Protein chains: 2
Amino acid sequence: GNSASTTTQKIGVVFCGRPSSGAHSIVNGVLDFIVGANSSSKVLGFVGGTKGLFAQQYIDVTPAMMDVYRNQGGFDLMGRTCDSIAKPEEMDSAKTSCMRLSLTGLVLVGGTRTATDAAYLSEFFTGQGVNTKVVAIPCSIDGTMKNQFIETAVGFDTASKTYSQLVGNLAIDGASARKYWYFMRMMGNSPSHTVLEVALQTHANYILLSEDIIANRKSLNDVVTEIADSVCRRSDAGKNFGTLLIPEGAIAALPEFSVLIDEISNLYQTSEQSNITLEEVNAKLSPFAAALLGSLPAYLQKQLVMERTTDKQIDLSQIETEKLLAHFVEAEIKRRKAAGMFKGKFTPVCSYLGYQARCALPSNFDCDYGYSLGGVSAALILGGFTGYMPAITGLKRPTAEWCVGATPITAMLEADDVEKLPSGMVRPRVIPANISLSGPAYNSFLNNMKEYEAEEMYQNPGPVQFNGPTADTRTKTLELEDMDYISALTSLRDVMEEVKAVCAPGCSTNVLKMAYTSISTLSEILELNAAATGVPLTRSK
Amino acid sequence: GNSASTTTQKIGVVFCGRPSSGAHSIVNGVLDFIVGANSSSKVLGFVGGTKGLFAQQYIDVTPAMMDVYRNQGGFDLMGRTCDSIAKPEEMDSAKTSCMRLSLTGLVLVGGTRTATDAAYLSEFFTGQGVNTKVVAIPCSIDGTMKNQFIETAVGFDTASKTYSQLVGNLAIDGASARKYWYFMRMMGNSPSHTVLEVALQTHANYILLSEDIIANRKSLNDVVTEIADSVCRRSDAGKNFGTLLIPEGAIAALPEFSVLIDEISNLYQTSEQSNITLEEVNAKLSPFAAALLGSLPAYLQKQLVMERTTDKQIDLSQIETEKLLAHFVEAEIKRRKAAGMFKGKFTPVCSYLGYQARCALPSNFDCDYGYSLGGVSAALILGGFTGYMPAITGLKRPTAEWCVGATPITAMLEADDVEKLPSGMVRPRVIPANISLSGPAYNSFLNNMKEYEAEEMYQNPGPVQFNGPTADTRTKTLELEDMDYISALTSLRDVMEEVKAVCAPGCSTNVLKMAYTSISTLSEILELNAAATGVPLTRSK
């Protein structure tokens, strides 16, 4: 129990990111924690995301209301619109709302952008004398809001399991009919955590990873050749079928398309119009980009040019990259057939695994994790912490063994990857985690890649279960990436010795100052994380 | 127990239709029944469907093999290729295979076409002195293999629950983001059982049914206007989002497209080519059909003209009807906007719910049902019955209360809807069941249709569960269509009185003969169904 828990709390919650399973459990965790401590405490759910926050539109989230949404997927308790609190006028609006409503705390639920916003908002509030404590909770299906402090985001477990269910079904379907190559694109923007996790769960025949495309500077031609090679190898073994997983972000990772997409985006940014026609774009592109665009089927040209998010950015979810790749692979296979290098058949069937999963009924893990993070957030606010993200570690172990803590978001900001604000200002930001190509999850896939391609080692994990033996499984990523304790300890000792050596008597004042600031901040974080906060660790039933 | 159960049996099983969950349980049921009675009995699984049967390619299905596939989805134990045993040479091949392999029984797993084939094949075998008994098992995700004897087909339960899970997720997603209209097309050919079942499970805002389009002679324009009206009504209430379910067969049901599709199909039937180009088609279409084709986006034109099954029929699964309708509804909404009749926003997001579900891990119901039907089939073969379909009734009740029986497939043939064989021959056939527009399932939807459209009464049934309180739920269709016993009895007495009146002394010999034949056949069927066969009724674990 927390000694401050008798204070009446008024905590606002905002869904900032895209829908992700487990968000309702977060609200539930905040509510149960503060109402349990003081029955006149309140949770204000802002309607329609940050827009609701700015307009002071909210619902009083009552325990009775929570009964309807408990452990349900989606964001429909409150909804969402746009995600950001970054512009000066947005920060001012947030300030006005928090002060008028006398909020003791503000919980922002979302991904890396939301975490960045929370860091700057808390700083702004502190500077302006606003007493509202700001906390950000990692919640996004793409699994990118993770780092050395945060093991995973709420929703990744449910989404990757739901996609794995569908990919498992399709793989078995392919092995039954033995005549289709399933080209499956998966939601999740640029990093490819979802694709890798689904591959580890289902043993799909072939996968693309944006991180691999970028690191190995692969061109469209390289990727098409790779896929065609895989098709040919399987066909030579009498298998004119297979499964290919494609991350939504693959297209933006391919250098040719990255140039084309940038050129089109620049046209939008410098244009007053919210829609630019294909003809207008064609006239203004560089010859190379125009040639690439012209080589695509008409509907893909239209998607690349026309599909924009509300802030004129390209909307990757609307680009049928799976069809684009199938189009080019078909051409390549046709060429090989004409040259007598391919004797089989190639029939791609494309599908997009996107919106179907992000509002799924949350898995037990996401219910537990969301509920716990909600509770810890409330505890942080009660304890007077602002600019923090709750952190639960040991997630691959049973819930009773989870460790509760928190980290200042500033510790996650990366200064070498600055964000350009619309105002022209730049600021360090929390960046989406990429797959480490030398990490254990990717290595586990690499070790089996050839077998997965050649054989049908498909595993169908089936639908998410809420009871029974498989109800509390963790993602493969979480299981594999959990650091080995002894080697972690050894590595820590090594770097401490390095710091000691650099900071020996005679070192510069600057170096000394930098080391002192860093280590004293670290010390504070560690203290906070070492103190048990007594937050409930399992979901309410 | 069956007294004949000590005979050594050799039963062949063929997967004839498209993949459907529960097929492996059928094989399991056949195997357990005959091996339990006599350990030297064998099940031969023909590899690659009817092609495997003709070529005598099979695997010996052993209990050890079954351990790997028990309660798993898909057809991958044996695979499949084409579906039919109808041409004289196909029937001859089947005869040769059954005789050479000394099969005591042949179990064909599939839909209505397979049932028809089984009826004629059993007749052919009897005429030719082939001792192999032929049995057909209803197994197809579209739920069309049902009639007064057969309550549902194996696989419909799993597929419709899996689609409901995805539609439930998408509906909640729509209500969270509040900016997309989800246009969702669902696999299942012309009848729309899947769409209706999913609508009953999820309370989607609007649905199309092929049966309604046909019965009410709705044109493309009618359907587009209907959908646009629904979009406008919801938009007027501030809701620029919603969910629309579209059956795969809607496009073939629309009169304009039905004409266009027929014209294109005729071109294919009279052509030697397996691919006809868009230009060739355009040159030969009637002016009306050419104009309609020309009004479509290029990729849809290509799909309508180019996407063919192996027998040159149109492949409905490859036609993106959801995009086609979204295209026309967008144009209609634009028109209304220009005329000041629409103030909102309309952003359709299209998805196809097809291949993802048909190889899903089978629900408990489909495991139990498939396993039981397999067992009953083996019992029929042991008992010397040929041309039969096993029938289990009372399916909505717990498995322990299911009633086991069988029906000669000839009793299901419909003479007024003859099938034209490639040879030019015609024959009565087992027809796919359409939704009864006056039936209880559709009525239940109709009664709530306005509320479902106006409000977000979405229900997300979540993923199929194998344990826990929802693991043994039945489909809404099954629950609603189960006949009320007393009214069924009354109806029966009424028609018996009618027959009595028609067959009063003085009636023609023809009438008398027809009545006698029908009623004596019926009497046989009833006797068979009244005798308990003692087949195991739950799946093996």
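Letters A, B, ... mirror the listed sequences (proteins, then strands); counts begin at 1. Predicted model, so just to flag it, every value in this text is computed and none were measured.
When heavy atoms are compared at a cutoff of 4.5 Å, B:Tyr458 does not approach chain A at all. In this structure, chain A has no heavy atom under 4.5 Å from any part of B:Lys161. Residue B:Val349 touches chain A through its side chain alone, counting heavy-atom pairs closer than 4.5 Å. Within the 4.5 angstrom heavy-atom criterion, no atom of B:Arg178 approaches chain A. Heavy atoms of B:Tyr182 lying under 4.5 Å from chain A belong exclusively to its side chain. Residue B:Glu456: no heavy atom, backbone or side chain, is found under 4.5 Å from chain A. Contacts of B:Pro297 with chain A are absent, with no heavy-atom separation under 4.5 Å from either backbone or side chain. Interface remark: B:Ala298 contributes no atoms to any contact with chain A (heavy atom separation under 4.5 Å). Of the atoms belonging to B:Tyr352, not a single heavy atom falls under 4.5 Å from chain A. Proximity to chain A is absent for every atom of B:Ser317, based on heavy atoms less than 4.5 angstrom apart.
Note on B:Arg80, B:Gln465, B:Met184: by heavy-atom pairs under 4.5 Å with chain A, the leading option is B:Gln465. Your options are B:Gly74, B:Gly462, B:Ala175, B:Ala360, and the one with the most heavy-atom pairs under 4.5 Å with chain A is B:Ala360. With respect to chain A, the highest number of heavy-atom pairs below 4.5 Å among B:Met78, B:Arg358, B:Gln72 belongs to B:Arg358. Residue with the most contacts toward chain A among B:Leu77, B:Asn467, B:Leu166, B:Asn460: B:Asn467 (heavy-atom pairs, distance under 4.5 Å). Ranking A:Ile172, A:Asp173, A:Val464 against chain B, the residue ahead of the rest is A:Asp173, based on heavy-atom pairs under 4.5 Å. Of the residues considered (B:Phe75, B:Phe15, B:Tyr180), B:Phe75 shows the highest number of contacts with chain A, using heavy-atom pairs under 4.5 Å.
In B:Lys334, the NZ atom is not crowded: 12 or fewer heavy atoms of neighbouring residues, nucleotides or ligands sit closer than 6.0 Å.
Using a 4.0 Å cut-off between charged side-chain N and carboxylate O, B:Glu455 and B:Lys239 make a salt bridge. Ion pairing of A:Glu320 with B:Lys323 is present here, as a side-chain N (NZ or NE/NH1/NH2) and a carboxylate O approach within less than 4.0 Å.
In this structure, the side chains of A:Met457 and A:Asn205 stay at 4.5 Å or more apart for every pair of heavy atoms.
In this structure, B:Thr321 contributes its side chain and B:Arg185 its backbone to no donor-acceptor pair below 3.5 Å. At distances below 3.5 Å, at least one donor-acceptor pair connects side-chain atoms of A:Ser176 with backbone N or O atoms of B:Asp76.
Between the side chains of B:Tyr163 and B:Gln356, not a single donor N or O lies within less than 3.5 Å of an accepting N or O. No side-chain donor from either of B:Gln459 and B:Gln201 sits under 3.5 Å from a side-chain acceptor of the other. Checking B:Asp366 against B:Ser21 by side-chain atom types alone, no donor-acceptor pair falls below 3.5 Å. Donor-acceptor pairing under 3.5 Å is recorded for the side chains of B:Gln165 and A:Gln165.
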